[in-house]
Amino acid sequence: MSEHRTGAPGRVKEVTSLANPLVKDIKALALKKFRDQQNAFMAEGLKLVIDALDLGWTIKTLIFAKSALGNAAVEKVAARTVALGGDVLEVSEKVLTAITRRDNPQAVVGVFSQRFVPLKDIRPQGNDVWVALDRVRDPGNLGTVIRTVDAVGAKGVILVGETTDPFSLETVRATMGSIFAVPVARTSAEAFLAWRKDLAGTVAGTHLKGAVDYRSVDFGNRPVLLMMGNEQQGLPDNLADACDKLLRIPQAGRADSLNLAVATGVMLYEIRRNALKL
């Protein structure tokens, strides 16, 4: 579903100065406070911007390097942006580097409206798989989980408690574009536990107290909610108690734990084992 902004179509502007207020607003999106104020976030790369538009995300501003002028694909995206009411900025390499905080920035950057799915609208059915992440702190972990959810054909991610921002530049980069394909909800632990009471299906959590090998469970043909704990502490008691099954991934070496994103990936591939065929 695409959203059109009211009023005139967007405009194309040339921007070369770092002092330009438009550039300052976009640079400010590096900070969560300003992302929330503007309800916006940044995504880098032509393919990502095209995917986002194809999936109906609202583009506020398209930024592209002067060097991309004459590139048919870039010009087409610029025309789409203007038609949708977004602005197009043609900028110098210096401005692009400042906006992305990268030395070799992508030639195209899009600023999009943020989008969360309300928890009450999530009603898993069939063999749907959702992942709930408790207070996930690391943007690389969150982005990698979103990317993995997309790869295995799971349905989406529910962020529980104070988590890192799914729309930060680091998280969006780590999703490799999957941020546009994977619904994300956010909620408090209390609201999550209330919602879980009406959930049809299996709630499985990984836990060091889990006595069950994750490979021994038949997830069957019903919805699964996979709950993963915070990087440092694992699942707290209130969330662990809400699980139907507490599972463990066996380990043999000296490491006493797996990285959160890796553990989530291992679990998702097991849960989705019968649904995935080459």
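All heavy atoms count here, side chains included; hydrogens, waters and symmetry mates do not.
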Residues forming a side-chain contact (heavy atoms from CB on, under 4.5 Å) with R80, sequence neighbours excluded: I50, L53, D54

Quick one: closest heavy-atom pair of [X] and [Y], and the distance?
| X | Y | answer |
| --- | --- | --- |
| L18 | V95 | CD2-CA, 3.7 Å |
| T148 | G265 | CG2-CA, 3.8 Å |
| L246 | A240 | CD2-O, 4.0 Å |
| G110 | V49 | N-CG2, 3.7 Å |
| P166 | L142 | CA-CD2, 3.7 Å |
| V217 | V212 | CG2-CG1, 3.8 Å |

Plane angle bin for F41 and W57 - parallel if under 30°, tilted between 30 and 60°, otherwise perpendicular: perpendicular

Inspect the surroundings of [atom1] in [X] and state if more than 12 heavy atoms from other residues, nucleotides or ligands are less than 6.0 Å away.
| X | atom1 | answer |
| --- | --- | --- |
| K24 | NZ | no |
| R273 | CZ | no |
| Q251 | CD | yes |
| K66 | NZ | yes |

Worked verdict on L62 versus D87 for side chain to side chain contact (heavy atoms under 4.5 Å, CB included): CA-CA 6 Å; L62 179 78; D87 290 332; over 6 Å; no

Verify, without hydrogens or angle tests, whether [X] (side chain) and [Y] (backbone) share a donor-acceptor contact under 3.5 angstrom.
| X | Y | answer |
| --- | --- | --- |
| S178 | A181 | no |
| D241 | N238 | no |
| K60 | Q38 | yes |
| Q114 | A40 | yes |

Does a side-chain heavy-atom distance below 4.5 Å link [X] with [Y]?
| X | Y | value |
| --- | --- | --- |
| I146 | I179 | yes |
| V91 | T16 | no |
| T206 | M228 | yes |
| N127 | R272 | yes |
| T202 | P223 | no |
| T187 | I158 | yes |
| C243 | L235 | yes |
| I26 | F34 | no |

In Å and rounded to the nearest 0.5 Å, what is the [atom1] to [atom2] distance from [X] to [Y]?
| X | Y | atom1 | atom2 | result |
| --- | --- | --- | --- | --- |
| L159 | L119 | CG | CG | 10.5 Å |
| S188 | W195 | OG | CH2 | 13.0 Å |
| I122 | D128 | CD1 | CG | 10.5 Å |
| K27 | M42 | NZ | CE | 10.5 Å |
| R123 | W130 | CZ | CH2 | 11.5 Å |

Residue from L69, V109, L96, L46 passing side chain to side chain contact (heavy atoms under 4.5 Å, CB included) with F64: L69

Could you state whether [X] and [Y] fall into the same hydrophobic cluster, counting links through intermediate Ile, Leu, Val, Met, Phe, Trp or Tyr residues with side-chain heavy atoms under 4.5 angstrom apart?
| X | Y | answer |
| --- | --- | --- |
| I271 | L247 | yes |
| L133 | V203 | no |
| L199 | L239 | yes |

Distance-only polar pair, side chains of N141 and E231, donor-acceptor under 3.5 Å: yes

Pairs flagged by salt bridge (Lys or Arg N to Asp or Glu O under 4.0 Å) wherever residues 146-171 is involved - sequence neighbours left out: R35-D165

Criterion side chain to side chain contact (heavy atoms under 4.5 Å, CB included) on D134 and M227, from CA distance to verdict: CA-CA 7 Å; D134 164 52; M227 281 177 59; over 6 Å; no

Within the 6.0 Å centroid threshold, strictly below: Y269 and Y214: no

Ring centers of F112, F180 separated by less than 6.0 Å: yes

Stepwise side chain to side chain contact (heavy atoms under 4.5 Å, CB included) test for T61 and L89: CA-CA 7 Å; T61 310; L89 307 184; 3.8 Å; yes

Side chain to side chain contact (heavy atoms under 4.5 Å, CB included) between I63 and V108, intermediate numbers included: CA-CA 6 Å; I63 303 120; V108 177; over 6 Å; no

Side chain to side chain donor-acceptor pair (under 3.5 Å) assessment of R135 paired with Q232: CA-CA 10 Å; R135 296 165 300 146; Q232 272 74 44; over 6 Å; no

Electrostatic pair E44-R173, nearest N-O below 4.0 angstrom: yes

